[in-house]
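What you see is a predicted model, and the numbers here were worked out from it, not measured in a lab. One-based numbering along the sequence shown.
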Amino acid sequence: EEAEKNDHRRIGTDLDLFSLDPVAPGSPFFHPKGAFLYNALIDYVRKLYVKYGYDEVITPLIFKSDLWKTSGHYETFKNDMFMFKAEDAEYGVKPMNCPGHCVLYGVRRRSYRELPLRYAEFSRLHRFERSGVLSGITRVRSFAQDDAHIFCTREQIDTEFSAFLEMTQEVYRTLGLGKPEIAVATCPPNYLGTPEMKAEAETKLMEGLKKAGLPFTINAGQGAHYAPKVEFNFRDTLDRVWTLSTIQVDYVLPARFRLAYTASDSRPNTPVMLHRAILGSLERFLGIYIEHTGGNFPLWLAPTQVRVLTITDAQAEYAAKIAAALREKGFRVGVDPSGDKVGAKIRE
């Protein structure tokens, strides 16, 4: 009963936040109030980007399959992508931003003085999730992430990892999320790097968590084909585990894309790539957050912050005046001029 009461699909319908339609399976339609919530979270993260030194970029949504072959996704992830042919070439709709950010990094030669480079992006992503696993807005085909990739030297990994943890904990405090369950997902059998890369990347993540005093479990073999990752997991009302924040230490993609920077000794070096997200999929985050709050959002996130209720039709003009005065002060205001009794309006 508690799970049904807090189901994000029911609350999302009651609060007029989003809807789902079979004409677009796994692709939510966000209504005005839901779109406000969505964009308010993005605006909040964008303010943090200024504080933590990220630069926002925009990369294409569609790439030739050559890109996915270079990154290794063609062999390991192709069945989960939307692929199509045009003008005798094969293309894929991007399911993640990292290969595009590698292309962006590689447009010119870099110096060690430029590192770390922190690229962030909110563009749409698409993954061919099978219809049987689609679930409200927590498991979808169309989504966006507060996604970022940090290109740095090996010596800078620890500092960047610490900054990620600081940023993550700031977000959790602000949103009242509590403590996550942390796991290190180690490299899978189809890992594309060398045993040395694997060992060093996994060690960096575990040492970073130990240094921060954060307990964790091991999720063996559940990392990406290019990197192990730290997962910050939360539970929904059905006690299902969902991953929100992640960070990965990646030595593979920079090597496969032949990325380089000129070191202080004037020799070319390969950068390390850190993949990180705080909220993760915005759709998934919203679904979990709706259940976490029961739809009772913090005032700064509430789509409607103030509701003005009339007692009779005689107050309609005055109610509109009150609402206009509040809007001038920056509040998000609604008016209920219906003929219902005041008690019913308050309950609604």
Output all residues satisfying side chain to side chain donor-acceptor pair (under 3.5 Å) with [X], sequence neighbours left out; order by chain, then residue number.
{"X": "Y119", "value": "R110"}
{"X": "H275", "value": "H149, D250"}
{"X": "E317", "value": "none"}

In chain order, what residues pass the side chain to side chain contact (heavy atoms under 4.5 Å, CB included) check against [X], with sequence neighbours excluded?
{"X": "T262", "value": "R109"}
{"X": "R46", "value": "I42, D43, E56, F122"}
{"X": "K33", "value": "L17, P303, T304, R307"}
{"X": "V103", "value": "L67, F257"}

Quick one: salt bridge (charged side-chain N to carboxylate O under 4.0 Å, His left out) partners of R258, sequence neighbours excluded?
none
Mind checking who shares a hydrophobic cluster with [X], ILVMFWY linked at side-chain heavy-atom distances under 4.5 Å?
{"X": "F36", "result": "none"}
{"X": "V23", "result": "F29"}
{"X": "I322", "result": "V306, V308, Y318, L326, F331, V333, V335"}

Under 3.5 Å, which donor-acceptor pairs link side chains of residues 177-193 to any protein atom two or more places apart or in another chain?
{"from": "E181", "atom 1": "OE1", "to": "R235", "atom 2": "NH2", "distance (Å)": "3.3"}
{"from": "E181", "atom 1": "OE2", "to": "R235", "atom 2": "NE", "distance (Å)": "2.6"}
{"from": "T186", "atom 1": "OG1", "to": "G221", "atom 2": "N", "distance (Å)": "2.8"}

